[in-house]
Chemist: 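Please find one structure pasted underneath; my questions will follow.
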Amino acid sequence: MRTIVCTLVAIAALLAGYPQAAHGQVRAKAAVTCVSAGQVLEYDCTIKLANARSGEPLSGLTVSVGADMPSMPGMHNVRRVKATEQAEKGAYHVRLELEMHGDWAVHIDLRGAVRDRVVAMLRFEEAEVTDVKPSPSRRGH
Amino acid sequence: MIDFIQNTIDGVMIGASYGLLALGFTVIFGVMRRLNLSYGPTIMIGAYFGTVLYLHFGAGLLAVAAAVVVGAVISGIYVERLCFAPMKAGAGIASMVSSFAIWMQLEQAAVLVLPRHTYPFPPLVTGPALEIGPLLVRPDHLIMLTGALLLAAVVQLALYRTRFGLGLRAVIANPIAANLVGVDVGRLVVLAFAAASAIGGVAGFLVLAVDQQVTPMFGMWATLKGLIAMMIGGLGSIPGALLGGLLLGVVEVHSHWLFGPQVRDLFAYFVLFAFLVARPGGLLGRTIDVELSHRA
Amino acid sequence: MLDVSDLVTTYGKIEALRGVSLHVEGGKITCLLGPNGAGKTTLMMTIAGILRPRRGSIKLEGTELVGLSPAKIVSRGVALVPENRLVFPEMSVRENLLAGAYQRRDKSGIAADMERMYARFPRLKERREQLAGTLSGGEQQMLAVARALMSRPRVLLMDEPSLGLAPLVVAEIFDIVAALNRDGTTILLVEQNAHMALKVAHQFFLMEQGRVTFQGTPGQLAEDEVIQRAYLGTRRVAG
Amino acid sequence: MDDYLVSVVSNIGIISFVALSAYLLLLTGEISFGQQAFFAIGAYAAGIATAMWGWPLPLAIAWGAAAGAACAVTLGIPTLRLRGLQFAIATLAFAEMVRILFELWRYQIDIDGEPVGPNGTDGFRNIRYVFDHNIEAFDFMMLIYAVLAVTLGSFMLLERSRLGVIFRMIGEDATLASLQGIAVARYKVFAAGIAGALAAVGGGLYAHLTTYVEPRTFDVMLGVHSLAYGLIGGLGTALGPLLGVVIDVGLLESVRLFAGYRMIIFGGLVALLLIVRPRGLLDERLVHGIGRLFRNAKSGTTRTGRGPP
């Protein structure tokens, strides 16, 4: 019993001692559209980034994109890919290579003037990619 | 009032398929005292056999049905050979985890063959709902119910009127004593797996033909529904499995009607939980020793 | 009739049988006595094929039984009435008897044998549609014996048939054992109740710690000594 | 370390918490299909605490753990007399109920002009603590492993303590344990509580790692996986479940060769492994053997022969 209490205290101490940092940053929002890149499970995605509050496009950022499956937490790690900035302001392009069809949470990590992560939930199928409205039924209708 | 009756009827019809799934589960659980999590996915593999025939060879309804059953039986025996036959006595939990690993395997195999999220499945019948007085009955639901009842009758006859059934019940009652009277338990277990998969195959075919679509998630769906219905009905009881399925169906349809699909699932699990806590033996179950506590 | 030689059966690293040899004569009642943990039940289970021996042989009239499945051993003519009876509780008395004849395919012969069992055990006839689980202990023991007989065994193995039964019922069971033997059944009987066993046995073996330590006929040793050795083991008696 | 490695290693650490949670219950002889529920409770509770109430992360994680433990104890009491399969299914039913309740639950407040909070099936987005506080992915990974190390350390202590012996005793034979005067019920509920807290800590970290959670993250798959990890890695030591996670998430993940066939190979390997080692790679016998080796080496004794058992 005492061991447990000590452990909990130790965890709490460790956590409490963790450094805190500053607040108040620009928040980003993203519009993601993906189309099949010809190869199975490869997709071309266009990401339009904007300041969440002002709606102003966010350009000049280092953008990397990863993905995981919410239905299998931690089990699928798609290697992060660097996105390339497009001519259009705030637009970035990336080619994603996924492991299977289904619903993916696409993580867009921003660095540079803004540090943030935006998550877009998309359903990747063979032919098309759509926004996800999770359906409660397991049979899939 | 009409709605209540209508929903109850619908629930019975859907519950019939749950009952069949539970029946297959019960047969396997009865002879093995072990949980086969791969039960649903083997049925899903059968369904994919049927879907491939349907999509690529234009097979008719009966051919698809046969393919589903055959596919389920083949993959069922595969699971038995890999996850159950080689496991020593007392390794019930290893069998269960192994069957889960094979579930993952079967699911990925299905996705490799047919990579899309959903595929069409041939409909049982097309046509308008039958009007019986103020009530509506979908003809495919009616066929599903009839099929389920027929199959249940066949299973009941096979269990109580054949030598195979006698041996099966002997193994379910007491595997050692069954050995001692000369039942070849190893062979019987394979046959039981095959029979259970065939039952599951028929159930799966009926459900999918009513849904008219199939996804790899069907495996999980079938395992969960079968498991819930079996536990509500009572472990190791054949009539219990059917009754549990019917009860689950009725509860689901009513709660869906009253509160929507999410609350429907909530209710189903709540009924299961309440049964387990208040009456662990289920509706008609008895206490049998389960080889699952990991020291068994 | 049944020859066991140098049988070794192990549970993991523990040797339950350490080289058991014994001979069961046809038409006789052979009794196996010994303290708890001597390996008597292990021996019975090994003969019936439920446990696999590490080495040794079990021959029924010259044919080897080691390596055969329990089902094959039943069809060769060895039936075991297990300790604690192990009837099928959710099956009726009639179905239990039918299960006993599982290896047989002759329907008319099975039907005739059923009638014979009902004649020998009238109480089973009265309760033939009753579930076996609802029978009394003595009735379950009768059912277990009848079920074993349904396979038409040449050798009947009985493991502690008197276990947990009232004295009157025990006497009844031993009457049945004697009667079966009079009708020509060879019996190997494991028994804790040495007093009763020595009354019916033609020959007996004493087992201790996985070995046979004495064999003889009743009367060869004073009953007191047999009983003492059967319950307590030689060492303590000797020293 | 590159980004990718950091994310894989972080995931391994987080999943290990659920695996340890299931493992602790296995020690006491119970199979739970439902530890993902506490992972979910921890994730939501900690996420709400930082994102909506502005709590610091350590406090939020601790609060999540407390919530997880409380729920686990609440579940433990009614399911106490269930055994084996019935217990397993009861935990499954509970976990699914929790998941569906999260699907139905909406609780949002306005922060900086945006709604923040759990939003039914759409999940709970914008758990931005890590970004608001400029914590690098690598640092967060170190945090995960610091907590994991403390947890593992306590597990090691537990295995040697009286409590650990009691847990294993209950797992071996609960009736026998109660005959020894052990209050089996109390210890079981206690174990369930700790297991709930462990899973909840994992959940809290997970929510902050990914910045979003949604109810279907916590479905049965996660629960059965976490149970399987203990069995793959071995039931002899708390390192077993970790090894299981490393094999699944780490090893197979890194072998790109398997892309598309990963589960086919992994599933087959697990099935074969369990035939050879039904209690996992690091099972009790192996762990015991290694332990003896160490002790012998330390005390300098040589084994000349084996005494009577």
Side-chain angles (χ1 to χ4, degrees), chain A residues 1-4 6-8 10-25 27-29 40-41 52-53 64 66 68-82 97-100 103 105 107 109-110 114-121 132-136 138, chain D residues 2-4 7-8 10-12 14-15 39 56-59 61-62 65 100 103 112-114 121-123 125-126 128 130-135 139 143 146-147 150-151 153-154 157-158 161 163 194 197 201 206 210-219 221-222 225 248-249 253 259-260 262:
Chain A
M1 192 65 205
R2 191 184 302 156
T3 332
I4 304 297
C6 291
T7 314
L8 289 177
I11 294 177
L14 191 95
L15 292 171
Y18 205 79
Q20 306 275 312
H23 259 281
Q25 284 165 327
R27 284 196 182 184
K29 65 177 181 187
V40 176
L41 291 170
R53 219 164 312 161
S64 64
D68 77 327
M69 296 193 95
S71 57
M72 299 172 153
M75 314 268 168
H76 290 276
N77 298 284
V78 167
R79 195 177 280 275
R80 290 193 166 282
V81 198
K82 275 241 161 68
E97 209 175 310
L98 301 177
E99 290 175 350
M100 58 194 285
D103 294 352
H107 305 180
D109 280 19
L110 320 179
V114 177
R115 182 161 177 254
D116 201 1
R117 167 179 289 173
V118 187
V119 177
M121 208 66 69
V132 175
K133 280 282 148 204
S135 78
R138 297 215 166 278
Chain D
D2 79 338
D3 269 5
Y4 176 69
S7 83
V8 172
S10 301
N11 279 332
I12 290 175
I14 280 171
I15 302 293
F39 191 71
L57 183 64
L59 203 57
I61 302 277
I100 297 166
E103 278 183 2
D112 287 351
E114 277 195 72
T121 48
D122 286 340
R125 313 261 183 118
N126 286 318
R128 301 161 40 91
V130 171
F131 288 88
D132 285 344
H133 291 75
N134 261 324
I135 298 170
D139 293 339
L143 171 70
V147 182
V150 174
T151 309
S154 352
L157 287 177
L158 174 79
S161 72
L163 187 65
I194 301 178
V201 168
Y206 178 77
T210 57
T211 72
Y212 75 95
V213 289
E214 58 177 275
R216 67 181 154 158
T217 303
F218 312 107
D219 80 359
M221 278 292 164
L222 178 62
H225 265 107
D248 183 25
V249 183
E253 174 68 41
R262 171 173 161 195

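Here is the naming used below: chain letters follow the sequence lines, and residue numbers restart at 1 for every chain.
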Chemist: Quick one: closest heavy-atom pair of D:I135 and A:R115, and the distance?
Modeler: O-NH2, 3.0 Å

Chemist: Please name the pair of heavy atoms, one in A:S71 and one in D:D219, separated by the smallest distance, quoted to 0.1 Å.
Modeler: O-OD1, 4.1 Å

Chemist: Looking at side-chain heavy atoms only, is the closest gap between D:D122 and A:M121 below 4.5 Å?
Modeler: no

Chemist: Calculate, to the nearest 0.5 Å, the distance between atoms CG and NZ belonging to D:N126 and A:K29 respectively.
Modeler: 12.5 Å

Chemist: Below 4.5 Å from any heavy atom of chain A, which atoms of D:I14 appear? Answer side chain, backbone, both or neither.
Modeler: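 When you check distances to chain A, no heavy atom of D:I14 falls under 4.5 Å.
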
Chemist: How far apart are the closest heavy atoms of D:Y206 and A:D68, and which atoms are they?
Modeler: OH-OD2, 3.8 Å

Chemist: Who are the side chain to side chain donor-acceptor pair (under 3.5 Å) partners of D:N11, not counting sequence neighbours?
Modeler: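 With sequence neighbours excluded, D:N11 shows a side chain to side chain donor-acceptor pair (under 3.5 Å) to A:N77, given in chain and number order.
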
Chemist: Name all residues meeting the salt bridge (charged side-chain N to carboxylate O under 4.0 Å, His left out) criterion together with A:D109; count only those two or more places apart in sequence or in a different chain, and write none if there are none.
Modeler: A:R80, A:R117

Chemist: How close do D:R125 and A:V119 get, heavy atom to heavy atom, and via which atoms?
Modeler: NH1-O, 3.4 Å

Chemist: So which atom in A:R79 and which in D:D2 form the shortest heavy-atom distance, rounded to 0.1 Å?
Modeler: NH1-OD2, 3.5 Å

